[in-house]
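Reviewing the structure listed below.
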Amino acid sequence: MAGVGTRIALIGGKSVVAAVSVLVLGTTYYGWSTISNAEANVSHADVIDKTATPKTPGQDMNILLVGMDSRTDAHGLPLPQNLLDSLHAGPDDGEIEADTLIVVHVPGDGTAASAFSIPRDSYVAIDGENGKDKINAAFGYGFNEKKAELEKQGVKDQQKLTLGSMDGGRSKTIRTVETLTGVTIDHYAEVNLFGFAQISDAIGGVPVCLLHDTSDDLSGANFKAGPQTVQGLTALQFVRQRHGLINELDREHRQQAFLASMAHQMLSTGVLANPAKLNDIIKAVTNSITVDNGWQLLDFAGELQGLTGGSITFNTMPVTNVDGRLNDGTNVVMVSPTAVQAWVKALFSKVGKQPDTSTAPTTTSAPNANAATTVDVYNSSTQGGLAARVSDLLVAQGYGKGDVLTGTKRATSLVEYSAADKAAAQKVATALGDLPMAVSSAVSPGHVRVLLGNAYHGPGSTASQGVTGGGQLQLAPSTPTTTATPDRPQLDASGVTCIP
């Protein structure tokens, strides 16, 4: 492996995303097989449990993609100061955190891939630690613990300390993700911001589409509504934006839309047949990624040659409260490991499998099946007429028409119910895209209360009222999907999706 610098300095507190480029590596790497030294120049790390039976070609596998806000490339060379300045990087405070976490499932036949994002602020149990912390902190715990262990052993060479400490951070991150999701991680890939900018430049930019103008002085993001192409620094600003969005999940959804478009761009626009672009991509990747020692990328990529954009899907992991707050005031994303594991199991079980339509259940409810439930709908968003539209949709499904009111403004949506009406509330929540639920003593028996927040883009939302894009642009779907975070519905790489 090429020399690694003596300093691992990360952009603490910033949200520069590099991991959104890694999945594209798997979908296009077969195009590089004629370049004999490409894989030899990729950095490797000893981070996968050797006691597990290695996956062989033809078996399902799970890949953890990690994005680091590193000030160096994969070989430890410092990034240009002008690039860091353009990123609004701020002072180096030495924090070591995994900025982006994406889990990808690839079935054995290699014809599909399903990825989901783990919000970086998810409040979870960190492997081997007492109590909980944000999941992105696992890397720092592992890094510092391994460094202290190596120093105690008498290791003084800075390069060896850095290599070993980074592997400690990677290993603890993998184990923490496995505990949360309930899946075994078979392979690991890590990317830094340097490669992200380089890859987006190498392919000639990535088309994106926004439904609204948006800006963020801290990241430098300033984008108008409509279709546009981003690359290099503007691509970084697009995916790193946090301020000016509704909440943390919007950042994940933006990353997914970018990655889906990037995969589509590479698979459908002749990038693989362009030697000059291919060489630029190879250079960018070898400078910016680290993978586990046992991952033979060329073999893996050969298995994916049947992959198409429409068979690559992206979801956001379900959460219980995106606006959680600890006693000390720290903002966190609350999650339920039990719910996450059940959702991941169901999601991955469907990847690459054609639905059985021979016994497909009907979606038509029996007459008056929902008449016993009255639904009160509160518009707690800034979208005019949202509560009325959603109420009309529910009445059309047989529910009793309840109050249609303006509620206190909130970011996310919620379905509230009395203790005796959980089953009815679950049907309503599912009809609106699997909205989160909560029991409430303020809701009368026989009633269900729907609070529609700013993030709502499900049935009846403005985005679903016939707005269309031109060419291959499409609106983010507003019907229920496999994701339990319907405000950011499932995306695929079949084209460019317009997002809020």
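Just so we're clear, the structure is a prediction, and the values are computed from it rather than from any experiment. In what follows, every heavy atom counts, from backbone to side chain, and hydrogens, waters and symmetry copies are set aside.
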Regarding Ser117 and Gln255, do their side chains bring together a donor and an acceptor under 3.5 Å, going by distance alone?
no
For Asp421 and Ser418, which I'm curious about, is there any donor-acceptor pair between the side chains at under 3.5 Å?
yes
Could you go step by step and tell me if Thr316 and Gln256 meet the side chain to side chain donor-acceptor pair (under 3.5 Å) rule?
CA-CA 9 Å; Thr316 300; Gln256 293 165 10; 2.9 Å; yes
Least distance between heavy atoms, Leu386 atom then Ser381 atom
CD2-OG, 3.4 Å
Between Asp403 and Arg449, is the closest basic N to carboxylate O distance under 4.0 Å?
no
Identify whether the distance between the nearest side-chain nitrogen and carboxylate oxygen of Asp121 and Lys134 falls below 4.0 Å.
yes
So, do Ile118 and Ile102 sit near enough that their side-chain heavy atoms are less than 4.5 Å apart?
no
Do Leu347 and Asn315 pass the side chain to side chain contact (heavy atoms under 4.5 Å, CB included) test, and can you show the C-alpha distance, the side-chain angles, and the key distance before you say yes or no?
CA-CA 9 Å; Leu347 177 68; Asn315 288 277; 3.7 Å; yes
Separation of Leu259 CG from Arg254 CZ (nearest 0.5 Å):
15.0 Å
Which atom pair, heavy atoms only, marks the closest approach of Ser391 to Val404?
OG-CG2, 3.6 Å
Decide ring-ring contact (aromatic ring centres under 6.0 Å, His included) for Phe238 and Phe223; before the verdict, give the C-alpha distance in whole Å, the side-chain angles of both, and the deciding distance to 0.1 Å.
CA-CA 8 Å; Phe238 183 84; Phe223 299 100; 5.4 Å; yes
Is it true that the side chains of Gln397 and Asn370 contain a donor and an acceptor less than 3.5 Å apart?
no
Check step by step if ring-ring contact (aromatic ring centres under 6.0 Å, His included) holds for Phe348 and Phe116.
CA-CA 10 Å; Phe348 285 179; Phe116 69 87; 5.7 Å; yes
So for atom NZ, which belongs to Lys401, do other residues, nucleotides or ligands contribute more than 12 heavy atoms lying within a distance under 6.0 Å?
yes
Around Asn327, counting heavy atoms of other residues, nucleotides and ligands shown, do more than 12 lie under 6.0 Å from its CG?
no
If you count every heavy atom of other residues, nucleotides or ligands that lies below 6.0 Å from Lys409 atom NZ, does the total exceed 12?
yes
